[in-house]
Amino acid sequence: MLKLKLSQRNQCDQGPETILSRCEDLSMDVFEGFNNIVYQLDMDGFQRLKKLHVQNNPKISHIVNSNIVYTWIHSHAAFPMLEELSLLNLNSLESVCSGKVAVDSFKKLKIIKVKNCPKLKNLFSRSMLVHELLELEKIEVEDCKSMKEIVVGKEEQLVDEVNDPIEFHGLRSLTLQSLPELTSLSPNQSPQVASTRNPTQLFNEKVVFPKLEDLILSSIPLNELWDDQLSTRLCWIRNLTSLTVEGCDGLTFLCSSSMSMNLFVQLKTLKVRRCQNMVEIISTEEYGEAKNISNMFPMLETLVLEALGKLETFCASASYIEFPSLQGLIIKECSRLGPFIIDPRIRINVIDTAGHHLFDGKVCFPRLELLDMQGLHKLTTIWHTQLAPNSFCKLTEIKVISCSSLLHILVPGLLKSLHSLKELYLEDCESVEAVFKVEGTSGGDHDQSEIFIFPNLLKVVMLNCRSLKNVFPAPVARLLQKLKFLWIENCEILEQIVAEEGSFSNLENLYMTLDLHVPLEFYKINDLSLNCTSNTSSADLSVFLQNFHNLKTLELFFGYMEEIFMNGELLDGEDPHVFAHLKSLEIHGMDNLIHVWKDNSNLPGPVFPNLEILKVKKCGRLKNIVPSATSFYNLVQLEVLECHGLKHLITCSVAKSVDQLQSIIVENCQRMVEIVASSDDNENIDDAVANEIIFSRLKDLKRCNLPNLKGFCSRNHNVKFPFLTTWSATNCIEMKISINGVL
């Protein structure tokens with residue numbers, strides 16, 4: 001391997017040239033003074049080279065130039081062992097090969113990548129492709145503003161040869177991106193085809209890809225991608241497994257239904273993004289209502305439709321269409337999208353009595369696992385009341401974001417299919433009034449409970465749904481016994497979560513706003529995250545938390561209180577060990593917080609006897625994290641970030657009590673002067689034993705961006721770290737290893 005960056009040619013006059021002929025992997029950056037790689041750098045044509053990368057050269061016009069006077073050059077193959085060629089930022093590059101190359105040149109080439117070569121108009125000649133590039137597997141061309149075609153024809157070729165199809169024998173991957181002048185892969189066409197062919201149609205019957213699997217087309221000025229006559233050539237591109245089309249604003253549809261039934265038989269991944277004029281994905285105009293197109297995508301597993309501003313439907317069909325293998329469906333920023341499959345007979349009026357829906361009985365997804373929707377502003381509901389049998393029966397995750405007209409998510413009739421649903425995520429859907437649409441029936445609650453069945457639902461998230469009135473109606477709640485994670489935030493109209501006895505019996509993690517009333521069932525949870533509102537007081541929080549006797553993890557966010565946990569006199573006689581099981585406490589973004597809790601000598605023991613992890617972040621006024629009289633015998637990890645009011649982390653007496661502490665992390669605390677406070681009113685200064693602090697288990701000590709930190713402890717203490725393995729200090733410009741004491 002040899003990598004060279006030379007700004008002057010005389011730097012390469014001696015030394016590097018002598019080993020270039022033996023090099024297998026060569027990268028060249030700048031290399032001014034050269035305009036032809038072969039044969040200026042190696043007269044033998046790099047016989048052993050396997051990888052070549054050339055970048056940032058303003059003069060190179062050709063990689064191989066055979067149009068020179070040395071006749072012996074034509075008998076020497078160029079790059080006979082080269083497998084990968086990469087060209088980047090070559091402003092003067094006009095061609096890869098100029099003139100006819102010697103036999104066996106590039107015969108091993110598998111990969112060619114070209115990016116930002118503004119004068120390059122094509123990659124290689126037809127003759128070179130047919131006779132030399134038989135092992136080519138991958139082509140990537142990006143940001144070449146003058147590129148008009150991939151393969152260039154030669155005027156001296158015979159008419160019969162020109163009219164023969166060009167075959168990319170072993171090509172498996174083709175990427176064409178940001179090529180504003182590209183009109184075709186090859187200009188070689190018969191006169192009849194040339195006179196009728198759309199000039200901005202990329203693929204035609206004269207180019208064949210028998211092994212192509214991955215095709216990416218991005219920002220290319222095309223009106224059509226495919227010639228419908230290609231559907232009669234079954235070998236043309238039948239092995240395609242992945243297709244991505246992006247930023248092709250001239251396309252109004254991807255392809256015709258006849259083309260798709262031949263082109264997409266092996267397709268597993270289809271992604272269409274940022275095509276601003278695309279109205280539908282598959283056009284069925286040539287068949288009308290008679291043709292059965294139910295098996296267009298037999299192998300498709302992933303479908304992504306994104307940022308298609310004019311998309312109205314996937315396709316129009318009077319018949320039923322099934323996606324038997326589809327597992328992931330992602331649709332984002334398609335604001336005009338209505339029914340996924342629309343009946344052409346009613347296309348003029350797509351509004352039904354239930355409003356705009358996406359799925360109905362005309363489409364079936366028997367294996368769909370993920371449904372991800374974002375920015376579908378036309379929809380008022382996702383599902384019609386009538387659905388195809390066995391559709392959505394494997395669905396495990398539903399994600400809905402920013403669908404502004406959506407009124408509800410799940411409806412009766414669908415829910416009998418959702419036995420596999422595990423996760424439901426809803427965010428920024430301001431019109432949603434109910435997640436579960438419950439309609440009155442003569443059968444009462446029992447009939448409704450038969451409709452809503454979620455035996456495997458584990459996680460529900462609902463954020464910023466300001467019109468939400470009801471989350472879990474009674475017939476739903478009683479069937480959510482496996483739910484473990486519930487996150488509800490910024491749902492202003494929602495006042496309470498209704499639950500019956502036995503509901504939510506397995507709930508472990510709850511993330512909610514404090515002003516939301518919760519059922520008694522929730523007090524059994526292990527993990528609680530609270531978003532404290534501007535009206536939340538310390539007393540409110542203390543009273544609320546008294547009921548959670550099984551908490552192991554507690555996270556508190558925002559709020560304007562100065563103190564979180566009130567002293568014992570305000571606990572109204574409750575057991576002070578209300579957090580006996582708590583192991584992790586995290587506090588985030590409380591701008592007015594001064595004390596996490598104040599020292600309280602009335603309590604018979606610590607409030608957090610088993611706390612192992614304490615994390616405090618973005619509490620700008622905080623002055624005291626741990627009161628000196630409170631011991632944390634089991635604290636293992638202490639982490640403090642962006643608390644600019646702190647001058648010290650802990651007091652001396654606390655430092656002597658944290659025998660289990662293993663990790664200390666302090667970052668971005670602008671006023672912090674020391675880790676252990678130099679003053680402690682409860683300590684006897686004359687006591688010799690008191691002057692020794694031993695962090696007997698501390699392994700990691702990390703400090704970062706503490707501009708006023710003087711040291712670990714400025715008082716005359718002997719500080720010992722017998723097991724410290726990581727000592728890290730970054731941007732602590734005033735710090736000394738030890739100020740007065742012995743380290």
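None of the values given here were measured: they were computed from a predicted structure.
- Shortest non-hydrogen contact noted between Leu308 and Arg273 is CD2-C, 3.9 Å.
- Taking 4.5 Å as the limit, some side-chain heavy atom of Phe79 sits within range of a side-chain heavy atom of Leu52.
- Summarising the geometry, atom OG belonging to Ser242 is positioned 4.5 Å from atom CG belonging to Asp214; distances are rounded to the nearest 0.5 Å.
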Quiz prompt | Test log, rule side chain to side chain donor-acceptor pair (under 3.5 Å), inputs Ser127 and Ser125 | solution = CA-CA 5 Å; Ser127 175; Ser125 67; 5.0 Å; no
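- Among Lys145, Met147, Glu94, the one residue that satisfies the side chain to side chain contact (heavy atoms under 4.5 Å, CB included) test with Leu120 is Met147.
- With hydrogens and angles disregarded, no donor-acceptor distance shorter than 3.5 Å links the side chain of Thr381 to the backbone of His357.
- In this structure, Ile382 and Val400 have side chains that are in contact, with non-hydrogen atoms separated by less than 4.5 Å.
- With values rounded to the nearest 0.5 angstrom, Ser146 atom OG is found 9.0 Å from Lys119 atom NZ.
- Taking Phe365 as the reference, Phe323, Phe340, Phe359, Phe392 meet the ring-ring contact (aromatic ring centres under 6.0 Å, His included) condition, with sequence neighbours excluded.
- You'll find the side chain of Ile331 stays beyond 4.5 Å of the side chain of Val304, heavy atoms only.
- No salt bridge links Glu83 with Lys50; every basic N to acidic carboxylate O contact stays at or beyond 4.0 Å.
- At least one side-chain heavy atom of Pro210 sits under 4.5 Å from a side-chain heavy atom of Glu167.
- Among residues two or more places apart in sequence or in another chain, the side chain to side chain donor-acceptor pair (under 3.5 Å) test is passed with Lys138 by Glu140.
- Summarising the local packing, CG of Asn390 is surrounded by 12 or fewer heavy atoms from other residues, nucleotides or ligands at distances under 6.0 Å.
- Met261 and Met296 make their closest contact through CG-CG, 3.6 Å (heavy atoms, listed as atom of the first residue, atom of the second, distance).
- Listed here is the closest heavy atom pair of Ile63 and Ile60: CD1-CG2, 4.3 Å.
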query: Please walk me through it: do Leu311 and Ile281 pass side-chain contact (heavy atoms from CB on, under 4.5 Å)?
result: CA-CA 8 Å; Leu311 188 69; Ile281 304 300; 3.9 Å; yes
Next item on the list: Decide side-chain contact (heavy atoms from CB on, under 4.5 Å) for Ile330 and Leu305; before the verdict, give the C-alpha distance in whole Å, the side-chain angles of both, and the deciding distance to 0.1 Å.
Entry: CA-CA 6 Å; Ile330 301 172; Leu305 306 176; over 6 Å; no
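- Using a 4.0 Å cut-off between charged nitrogen and carboxylate oxygen, Glu135 and Lys110 count as a salt-bridge pair.
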Audit row: Val152, Phe124, side-chain contact (heavy atoms from CB on, under 4.5 Å) steps and yes/no:
CA-CA 6 Å; Val152 63; Phe124 30 71; over 6 Å; no
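- The line from CD1 of Ile139 to CG of Leu171 is 4.5 Å long, rounded to the nearest 0.5 Å.
- Rounding to the nearest 0.5 Å gives a distance of 5.5 Å between CZ of Arg274 and OG of Ser219.
- Contact annotation: the side chain of Thr269 never approaches that of Leu303 to less than 4.5 Å [non-hydrogen atoms, C-beta and beyond].
- Remark: Phe264 engages Phe297 in a ring-ring contact (aromatic ring centres under 6.0 Å, His included) (not counting sequence neighbours).
- A donor-acceptor pair is defined here as one N or O able to donate and one able to accept, closer than 3.5 Å; no such pair exists between the side chain of Thr396 and the backbone of Ser420.
- Of all heavy-atom pairs between Asn277 and Lys310, the closest is OD1-NZ, 3.1 Å.
- Partners of Ser431 according to the side chain to side chain donor-acceptor pair (under 3.5 Å) rule, which considers only residues two or more places apart in sequence or in another chain, do not exist here.
- Geometrically, Lys362 does not engage Tyr320 in a cation-pi contact defined by less than 6.0 Å to the ring centre and at most 45° from the axis.
- The side chain to side chain contact (heavy atoms under 4.5 Å, CB included) test with Ile112 is passed by exactly one of Val141, Leu123, Leu133: Leu123.
- A donor-acceptor contact closer than 3.5 angstrom links the side chains of Glu427 and Tyr425.
- A donor-acceptor contact closer than 3.5 angstrom links the side chains of Ser317 and Ser319.
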* Starting from the C-alpha separation in whole Å, work towards a yes-or-no answer on side-chain contact (heavy atoms from CB on, under 4.5 Å) for Val245 and Leu254. => CA-CA 8 Å; Val245 179; Leu254 184 66; 3.7 Å; yes
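- With sequence neighbours left out, Asn464 forms a side chain to side chain donor-acceptor pair (under 3.5 Å) with Asp428, Asn490.
- Counting only heavy atoms from C-beta outward, the side chains of Lys3 and Leu26 never approach each other to under 4.5 Å.
- If you take CG on Leu212 and CG on Asn239, they are separated by 8.5 Å, rounding to the nearest 0.5 Å.
- Contact detail for Glu246 and Cys275: the closest heavy-atom pair is C-SG, 4.3 Å.
- Side-chain contact of Ser27 with His53: a donor-acceptor pair under 3.5 Å is absent, judged by distance alone.
- Between atom NE2 of residue His377 and atom CG of residue Leu406 there is a gap of 11.5 Å, rounded to the nearest 0.5 Å.
- Applying the side chain to side chain donor-acceptor pair (under 3.5 Å) rule to Asn56 yields the partners Asp29, Asn89; only residues at least two apart in sequence or on another chain are considered.
- Here the closest non-hydrogen pair linking Glu132 and Ala102 is OE2-O, 4.2 Å.
- Between the side chain of Thr284 and the main chain of Ala316, a donor-acceptor pair closer than 3.5 Å is present.
- Proximity of a side-chain donor or acceptor of His62 to a complementary backbone N or O of Val64 within less than 3.5 Å is not detected.
- The closest side-chain heavy-atom distance from Phe314 to Leu337 is not below 4.5 Å.
- Using a cutoff of 4.0 Å between basic side-chain nitrogens and carboxylate oxygens, Glu369 and Lys394 are not scored as salt-bridged.
- The shortest distance between side-chain heavy atoms of Ile166 and Leu185 does not fall below 4.5 Å.
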